[in-house]
Amino acid sequence: MNYIKDLIEELKLEAIVTRRYLELVPFDSLAYKPSEKSESLGRLAVHIAEIISWWTSVAESDKLDFKQFEPQTFSTKSELLSYFDQLLNDALNSLSKLSEKDLIKDWSMVYGKQVLFTLTKNQVFRLFCMNHFVHHRAQLGVYFRMLDIMVPATYGPSADDDHIILINPFN
């Protein structure tokens, strides 16, 4: 079993589904929030795209400093999708250069000098990168439902969509 290859293939499949969600982001409703405590639809969509860059950070470094983080904003869907595609390409390239030994190295999320957490890269890829990515995509689906926007099929059909990805188009 090649864990890195499996991780890359899983990221590719999740990215296909996620891109379908991002293609449906209504740029005329970016300020929408289901509640005052919620992130805006626009910020949530960009955050989902930004999470892809964390894969590159984990692969290429030993930490990510959120004190230096500047969120992106986009005025068009095309810009958002291009950003997502570029970050995905960068992440896949970085992941392909890893060795199995790299996965047991520690990686930290920090805010300046404050360490927020330290885990092995393997744990960070699963918990922080993949699970976080899928979690926020699901949130976007709830926003879509509340705005009466089609919710794409994810791991099975949705009430709006029966398009299911059964074959990995990257093989």
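Quick caveat, the model's predicted, so the values are computed rather than measured.
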Open item on the list: Could you work out, with ring pair (Phe, Tyr, Trp, His ring centres under 6.0 Å) as the rule, every residue matching F117, not counting sequence neighbours?
Closed with: F128
- [ ] For the pair S108 (side chain) and V110 (backbone), establish whether a donor and an acceptor sit closer than 3.5 Å, ignoring hydrogens and angles.
- [x] no
TODO: Mind checking the CD1-OG spacing from I51 to S57? Nearest 0.5 Å is all I need.
DONE: 13.0 Å
Open item on the list: So, taking the atom named CG in D85 and the one named CG in L80, what distance separates them when rounded to the nearest 0.5 Å?
Closed with: 9.5 Å
TODO: Measure the spacing between CD of Q139 and CG of L41 and express it to the nearest 0.5 Å.
DONE: 11.0 Å
TODO: Please test F74 against V25 for side chain to side chain contact (heavy atoms under 4.5 Å, CB included), starting from the C-alpha separation and ending with a verdict.
DONE: CA-CA 12 Å; F74 301 99; V25 170; over 6 Å; no
Open item on the list: Hydrophobic cluster membership, with links at side-chain heavy-atom distances under 4.5 Å among I/L/V/M/F/W/Y: are V115 and W107 in one?
Closed with: no
Open item on the list: Distance check, rounded to the nearest 0.5 Å: L7 atom CG versus L98 atom CG?
Closed with: 8.5 Å
Open item on the list: Does this structure show an ion pair linking E9 with K5, if we count only N-O contacts that are shorter than 4.0 Å?
Closed with: no
Open item on the list: Any side-chain to backbone donor/acceptor pair from Q123 onto T120? Under 3.5 Å, distance only.
Closed with: yes
TODO: Of all the heavy-atom pairs spanning I104 and K101, show the shortest one and how long it is.
DONE: CG1-O, 3.1 Å
Task: Closest contact, heavy atoms only, P34 versus E39 - done: CD-O, 4.4 Å
Task: Partner residues of F125 under the ring pair (Phe, Tyr, Trp, His ring centres under 6.0 Å) criterion, sequence neighbours left out - done: W55
Task: Minimum heavy-atom distance A49-L22, with the two atoms named - done: CB-CD1, 4.5 Å
Open item on the list: So which atom in A31 and which in S40 form the shortest heavy-atom distance, rounded to 0.1 Å?
Closed with: O-CB, 4.0 Å
Task: salt bridge (Lys or Arg N to Asp or Glu O under 4.0 Å) partners of residues 112-136, not counting sequence neighbours, each pair once - done: E10-R126
Task: Spatial distance of atom CD (E100) from atom OH (Y3) [nearest 0.5 Å] - done: 9.0 Å
- [ ] Only counting residues at least two apart or in another chain, list the ones meeting side-chain hydrogen bond (donor to acceptor under 3.5 Å, both in side chains) with S82.
- [x] none
Open item on the list: Can you classify the ring geometry of H47 versus H136 as parallel (below 30°), tilted (30 to 60°) or perpendicular (above 60°)?
Closed with: perpendicular
TODO: Kindly state each residue pair satisfying side-chain hydrogen bond (donor to acceptor under 3.5 Å, both in side chains) with at least one member in residues 63-73, sequence neighbours excluded.
DONE: none
Open item on the list: On a heavy-atom basis, which atom in F144 and which in Y21 lie closest, and how many Å separate them?
Closed with: CZ-O, 3.3 Å
Task: Nearest non-hydrogen partners of I4 and L95, listed with the distance - done: CG2-O, 3.4 Å
Open item on the list: With salt bridge (Lys or Arg N to Asp or Glu O under 4.0 Å) as the rule and sequence neighbours excluded, what pairs involving residues 130-146 come up?
Closed with: E14-R137, R145-D160
Task: Sidechain-backbone polar pair: K77 side chain, E23 backbone, donor-acceptor under 3.5 Å - done: yes
